Each structure stands twice: as structure tokens, then as C-alpha cells.
Asks: 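Dumping the structure here so I can ask a few things about it.
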Amino acid sequence: MPKDTNLHGDISASWVVSQMEQAAELTAARLAKGRTATVALSSMDFLCPVRLGSLVEVHSQLVETGTSSLKINIEVWILPPNEQDPNSLYKVTEATFVMVALDDKGRIRTLPKC
């Protein structure tokens with residue numbers, strides 16, 4: 001949406017990071033079978049701008065589990081609005097999110113057994 005753009009008409013980095021965190025949260029909550037929270041994320045480099053109208057793909061992959069935490073790698077890829085080849089996706093950024101499982105009171109809990 002235009003409200004999510006910077007003055008040059010590109011999607012803002014904060015919107016991209018927000019989508020990445022939502023993907024990490026959905027993945028972690030499914031695996032943890034309940035509430036989770038972000039506790040850390042690795043540094044990020046933005047490799048190309050995201051033009052308004054781009055198709056944005058967010059991919060998640062579980063990297064590691066601990067007693068109560070999950071490391072999830074998130075990648076963002078785009079198909080620009082005027083790209084002629086629908087297979088020409090461009091990588092925007094990636095980061096590893098560390099998520100922890102929480103109980104109903106917001107305290108760290110052990111992950112369930114698979």
C-alpha cells in the first residue's frame with residue numbers, strides 16, 4: 001500500500017521486516033504449539049529495493065531448536081511489477097530469527113516433544 005512506501009515509492013524496510021517477523025512467528029507458533037516471541041534476529045542487508053506493486057514472497061525454514069527456542073531463517077524474494085519473466089525472482093534480504101516458546105503468563109517454557 002502507498003502508506004508503506006518511502007518518498008521514492010519503494011516499500012519501506014520496516015514493512016519488509018514486519019512481514020519477516022510475522023512469518024517467523026507463524027512458523028515458531030506452529031512448531032511450539034502455542035505462543036512465541038521474538039528475542040533476537042541476525043543482521044540484515046537489503047540487496048534490492050521493493051517497488052510498489054511487487055509480488056513479495058517470504059520463505060521460512062527451521063534451522064535449529066533448543067530447549068525453549070527456535071532459530072528460523074527467513075528469506076524475502078520479489079517479482080517486480082513489470083517483470084516479463086515470471087520466474088525472475090530477486091532476493092531482497094534474509095535474517096535468522098530466534099523465537100522462544102512462552103506459556104500463558106508470558107514466561108519461557110520448554111518446547112513440546114515432536
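Positions are given from 1, in the same order as the sequence printed here. Everything numeric here is computed off the predicted structure, so don't read it as measured data.
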Asks: Taking CD in Q22 as the centre, count heavy atoms belonging to other residues, nucleotides or ligands within less than 6.0 Å. Is the count above 12?
Replies: yes
Asks: Give every residue pair that meets the side chain to side chain donor-acceptor pair (under 3.5 Å) criterion with at least one member in residues 40-56, sequence neighbours excluded.
Replies: D10-R51
Asks: First locate atom CG of L55, then atom CG of L89, and finally report the distance between them rounded to the nearest 0.5 Å.
Replies: 7.5 Å
Asks: Under 4.5 Å side-chain heavy-atom separation, chaining through any Ile, Leu, Val, Met, Phe, Trp or Tyr, what else clusters with I108? Say none if it is isolated.
Replies: V39, V98, V100, L102
Asks: Roughly how far, to the nearest 0.5 Å, is CZ of F97 from CG of L41?
Replies: 4.5 Å
Asks: Could you tell me whether the side chain of S18 and the main chain of S14 form a donor-acceptor pair under 3.5 Å?
Replies: no
Asks: For T36 and A32, work out which heavy atoms get closest and say how close.
Replies: CG2-CB, 3.7 Å
Asks: Dump the intermediate steps for side chain to side chain contact (heavy atoms under 4.5 Å, CB included) on V50 and Y90, then the final yes or no.
Replies: CA-CA 10 Å; V50 179; Y90 300 91; over 6 Å; no
Asks: Would you say the side-chain atoms of H59 and E57 include a donor-acceptor pair closer than 3.5 Å?
Replies: yes
Asks: Enumerate donor-acceptor pairs with a distance under 3.5 Å from any side-chain N or O in residues 62-76 to protein atoms, sequence neighbours excluded.
Replies:
residue, atom, partner, partner atom, Å
N73, OD1, T96, OG1, 3.3
N73, ND2, E94, OE1, 3.4
E75, OE1, W77, NE1, 2.9

Asks: What are the two closest non-hydrogen atoms of G53 and P81, and how far apart are they?
Replies: O-CB, 3.7 Å
Asks: Would V58 end up clustered with M99 when hydrophobic side chains under 4.5 Å apart are linked, directly or stepwise?
Replies: yes
Asks: State the CZ-CD distance between R35 and E25, to the nearest 0.5 angstrom.
Replies: 9.5 Å
Asks: I want to check something: taking the side chain as every heavy atom from C-beta on, are I78 and C48 in contact at a cut-off of under 4.5 Å?
Replies: yes
Asks: Out of curiosity, does L79 fall in the hydrophobic cluster containing M20 (side-chain heavy atoms, cut-off under 4.5 Å, transitive links)?
Replies: no
Asks: Quick test of your reading: applying salt bridge (charged side-chain N to carboxylate O under 4.0 Å, His left out), list the pairs with at least one residue in residues 96-106, sequence neighbours left out, ordered by first then second residue.
Replies: D103-R107
Asks: Test: salt bridge (charged side-chain N to carboxylate O under 4.0 Å, His left out). Region: residues 79-88. Which pairs qualify, not counting sequence neighbours?
Replies: none
Asks: Going by heavy atoms in the side chains, are V56 and Q19 under 4.5 Å from each other?
Replies: no
Asks: What pairs with T38 under side chain to side chain donor-acceptor pair (under 3.5 Å), at least two apart in sequence or on another chain?
Replies: E21
